[in-house]
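See below for the structure under consideration.
All of these numbers come straight from a predicted model, not from anything done at the bench. Chain A is the first sequence line, chain B the second, and so forth, proteins listed ahead of strands; every chain is numbered from 1.
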Amino acid sequence: AQKVTQAQTEISVVEKEDVTLDCVYETRDTTYYLFWYKQPPSGELVFLIRRNSFDEQNEISGRYSWNFQKSTSSFNFTITASQVVDSAVYFCALRMDSNYQLIWGAGTKLIIKP
Amino acid sequence: DTGVSQDPRHKITKRGQNVTFRCDPISEHNRLYWYRQTLGQGPEFLTYFQNEAQLEKSRLLSDRFSAERPKGSFSTLEIQRTEQGDSAMYLCASRKGTSGSLDTQYFGPGTRLTVL
């Protein structure tokens, strides 16, 4: 069965702290794709990153970085020097090669306090 | 590209009434999805169109729900005889293709439905 687990329901940190959001996935497929989306209070899901299963290189985009480890089936997301505007719910999602439906985690609500 | 747009953004209705939502995907995106999201949960897949063809429907989509995409551009989602359990955010997403990063779905702002 395919599944995405985001064990952290809510995280609260003070501005400028670094924070890591965990994502653990389950699939038997060898080819799959992982995504992170951000959902601010306005409600729109904003695409952040897509990673395929053959590319284990970590990625950095400004203050955002992603650590993909197939050995632990994890695709964790780190925000460095967090800002209040980073406050949102963050979703991790999985897609298998066999279809285009996304399997979603339950999301992690991130609160950045000034 | 302009993003995915949805209308209305908010809808309040009384139980038993019919409601219709509209989604305009990103131009040239021929794949379109509808999702439902309740508080504290990730999106739940409802249905998927490739051009005007509805290729997949979730079991969540009861007979009271119907979706169309008549010309392969905008789509509508209708809920008949609404129930309080239908209260949720209804999200639309589109994607361009199948190869490489073209599979990425881009989402609209959603329509928040409240059934009284």
Looking only at atom types and distance, does a side-chain atom of Gln54(B) sit under 3.5 Å from a main-chain N or O of Thr47(B), one as donor and one as acceptor? no

Whether the Ser58(B) and Glu44(B) side chains hold a donor-acceptor pair (N or O, under 3.5 Å, no angle test) is what I'd like checked. no

Establish, for the pair Arg22(B) and Phe74(B), whether the NZ or CZ atom is under 6.0 angstrom from the six-membered ring centre and no further than 45 degrees off its axis. yes

Measure Glu56(B) against the heavy atoms of chain A and call it side chain, backbone, both or neither at under 4.5 Å. side chain

Where along residues 81-93 of chain B does a heavy atom come under 4.5 Å of chain A, listed by residue number? Met89(B), Leu91(B)

Donor + acceptor pair across side chains of Tyr35(B), Gln105(B) (<3.5 Å): yes

Less than 3.5 Å apart, any donor N or O on the side chain of Tyr48(B) or Arg95(B) sitting next to an acceptor on the other? yes

For Thr78(A) and Thr20(A), which I'm curious about, is there any donor-acceptor pair between the side chains at under 3.5 Å? yes

Against chain A, work out which of Gly110(B), Gly40(B), Gly42(B), Pro43(B) has the most heavy-atom pairs shorter than 4.5 Å and name it. Pro43(B)

In residues 103-114 of chain A, which residues are in contact with chain B at a heavy-atom separation under 4.5 Å? Trp104(A), Gly105(A), Ala106(A)

Name the orientation class of the two ring planes belonging to Tyr32(A) and Tyr25(A) (parallel below 30°, tilted from 30 to 60°, perpendicular beyond 60°). tilted

Looking only at the side chains, is there a donor atom on one of Ser75(B) and Trp34(B) sitting less than 3.5 Å from an acceptor on the other? yes

Between Gln80(B) and Gln17(B), do the side chains contain an N or O donor and an N or O acceptor separated by less than 3.5 Å? no

Under 4.5 Å from any heavy atom of chain B, what part of Gln39(A) do you find: side chain, backbone, both or neither? side chain

One thing to verify: whether Glu28(B) and Lys96(B) come together as a salt bridge, which I'm taking to mean a side-chain N less than 4.0 angstrom from a carboxylate O. yes

Atom group of Arg112(B) that falls short of 4.5 Å from chain A, counting heavy atoms: neither

Evaluate the ring planes of Phe77(A) and Trp36(A), with Trp represented by its six-membered ring, and classify them as parallel (under 30°), tilted (30 to 60°) or perpendicular (over 60°). tilted

